[in-house]
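Contents: one structure, followed by commentary.
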Amino acid sequence: MQEDINITKRVLQLNKIPYQDGPVLYWMNRDCRAEDNFALLYAQSIALKEKVPLIVLYNLVPKFLGGTYRNHAFKVEGLQEVERNLAKKQISFFVVEGADTEKQIISFIKKHKCGALVTDFSPLKIALGWKKYIEQRIDIPFYIVDTHNIVPAWIASTKREFGAYTLRPKLHKLLPLFLLEIPLLKKHSYPYKNTEHINWEKLLDKKEFNDATNIAIQKPGSKEAHKVLQSFVKERLKDFGLNRNDPTKDGGSRLSAYLHYGQISPQRVVLEVLKHKNKTIEQVVQKQRKNAKEKSDSLCAFIEELVVRRELADNFCFYNPHYDTFKGFPDWAQNTLNETREDKREYIYSKKQFEAARTHDDLWNAAQREMVKTGKMHGYMRMYWAKKILEWSKSPEDALAIAIYLNDKYELDGRDPNGYAGIAWSIGGTHDRAWFPRKVFGLVRFMARSGCEKKFDVKKYIQMYS
DNA sequence: ATCGGCTCGCGCAA
DNA sequence: TGCGCGAAGCCGAT
């Protein structure tokens, strides 16, 4: 019973249609994992109640939002593991290909005569659009389950938050109610008969990706994600507070790509970290409140990044359809950036020049190369990188478009609310305050290379990616 | 090495 | 209505 509430409080029903005869379908989209997945657990609870099969579907959109082959392979190899893990529980897995996602889902429902549809939550416009289209054209119940946030986005806040400081107290209050042990997926007693063989080789062999990106330096999949989590907890967590802002040190969690593809559950990450530190979430929240400025406390700093900032990014996209354009910036930032439009730019580079890492600044070029080469730019450098694109573009609109294009194309964790929020913070003052006025930036916070030189060994970082 | 000023607006206390 | 303070800073004065 307690388990049921733990799941159902994360569910939103989009229509008022009751269950119809047929298997229950979980359309897996943002959260590509078989374990610790509340959307899958909710779909299973319906299927068990109705004594019917449970099937899982993934719609593969090649080059989704401008991603490269590296992203494609990371996703597809992760899905192969999902298929194996689901098979152990007698749950069938399907993959359909095509960019017309909404139509693919509807025709699959008709073909397999499904009785209920469950999907996971994403605040991105494209995903919200698919779901609206589907909702208007199906006659079975349609549920959305937020299994990407610990506190579901619509419960954490019902409006667009102004900054981390306005969302933080709401999350801190709600976290103890949501951060509970996650129920296990059960072996499904009603197997589905009409399964189809998935041709993984064909899905992986994509000639149309004519890009020169390397294969990811990280191995994909949930099993690998849990290995990385264990190594973080054992080796890197204790110095996270000290090292996380030094791009020459590998002090991060290395989990961002897995989190982006939903190959690991953020709730599981928090539970594991707390277990290792032998702390409760109440203790962490209390400590965070007391020493708000104490940023070197590794556990507090990590929970702040993983929970507060991640959920703030979802809040930003969910309640602001302009999350990827100039219109999405706060008013004060739009005003100030409108006033600096005619300011003389010392350098102006084209998208191509940025992409080829051909600016006058070898520190910026190194960050760009780190991203292209490895699929993951260091978090601290992402701010410097985006702010310099603003400084060296002919307009804030150009800068924003270029930063999003590069981020979505090369980062393994691109095409994600975290990326849109991070870039909007850097270029458009989103979730930030006004600062000392500057050319081009106006009141938007400026960052200088000299600041980097004070904080870390810039020469070493440049060498690492020369 | 450390500190204050720069600057805007939310949210809470009064 | 006033006031404190915020997602990661910069700069010049001391």
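Note: hydrogens, waters and symmetry copies are ignored here, and every other heavy atom, side chains too, is used. Residue numbering restarts at 1 for every chain, and letters A, B, ... go by the order of the sequence lines.
- Comparing C/dA8, C/dC10, B/dG11 by their nearest atom to the side chain of A/Phe446 picks out C/dC10.
- Taking atom CD of residue A/Glu453 and atom P of nucleotide C/dG9, one finds them 15 Å apart after rounding to whole Å.
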>> Let's test your reading of the pairing rules: Watson-Crick or G-U wobble, both distances under 3.5 Å, then write DNA chain B as a dot-bracket string with ( ), [ ], | and dots.
In response: ||||||.||||||.
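- Each of A/Asp416, A/Asp31, A/Asp120 was evaluated against A/His148; a single residue qualifies, A/Asp31, per the side chain to side chain donor-acceptor pair (under 3.5 Å) test.
- Residues A/Phe121 and A/Tyr143 keep their aromatic ring centres 6.0 Å or farther apart.
- Using a 4.0 Å heavy-atom distance criterion, A/Lys454 is classed as making no nucleic acid contact.
- In this structure, the nucleotide among B/dG9, C/dA8, C/dA7 sitting nearest to the side chain of A/Leu312 is C/dA7.
- At the heavy-atom level, A/Trp332 lies under 4.0 Å from the strands shown only through sugar-phosphate atoms.
- If you check every strand for non-hydrogen atoms under 4.0 Å, A/Lys159 touches sugar and phosphate atoms only.
- Comparing C/dC5 with B/dA14, their P atoms are spaced 14 Å from each other, to the whole Å.
- Partners of A/Glu272 under the side chain to side chain donor-acceptor pair (under 3.5 Å) rule, at least two apart in sequence or in another chain, are A/Gln230, A/Lys275.
- Atom pair A/Phe436:CZ and C/dG9:C1' shows a separation of 12 Å (rounding to whole Å applied).
- Between the CZ atom of A/Phe441 and the P atom of C/dG9 there is a distance of 14 Å, rounded to whole Å.
- Spacing between B/dC10 and C/dG9 at atom P, rounded to whole Å, works out to 24 Å.
- Ranking C/dC10, C/dA8, B/dC8 by closeness to the A/Ala434 side chain, first place goes to B/dC8.
- Only the P atoms considered, B/dG4 is 15 Å distant from C/dG4, to the nearest whole Å.
- Going from the C1' atom of B/dG11 to that of C/dA8 covers 23 Å, rounded to whole Å.
- Distance alone, capped at 3.5 Å, places no donor-acceptor pair between the A/Thr336 side chain and the A/Ala333 backbone.
- Comparing C/dA8, C/dA7, B/dC6 by their closest approach to the side chain of A/Tyr165 singles out C/dA7.
- Distance, A/Lys439 NZ to C/dC11 P: 15 Å, rounded to whole Å.
- Using a 4.0 Å heavy-atom criterion, one finds that A/Met447 contacts the sugar-phosphate atoms exclusively.
- Counting heavy-atom neighbours within 6.0 Å of A/Arg358 CZ, excluding the residue itself, gives a total of 12 or less.
- You'll find that the side chain of A/Trp435 is closest to C/dG9, out of C/dA7, C/dG9, B/dC6.
- Ring-plane geometry between A/Tyr347 and A/Trp392 is classed as perpendicular, the angle between the planes exceeding 60 degrees on a 0 to 90 degree scale with a lower cut at 30.
- Under the 6.0 Å cut-off for aromatic ring centres, A/Tyr461 and A/Tyr465 qualify, their centroids lying closer than that.
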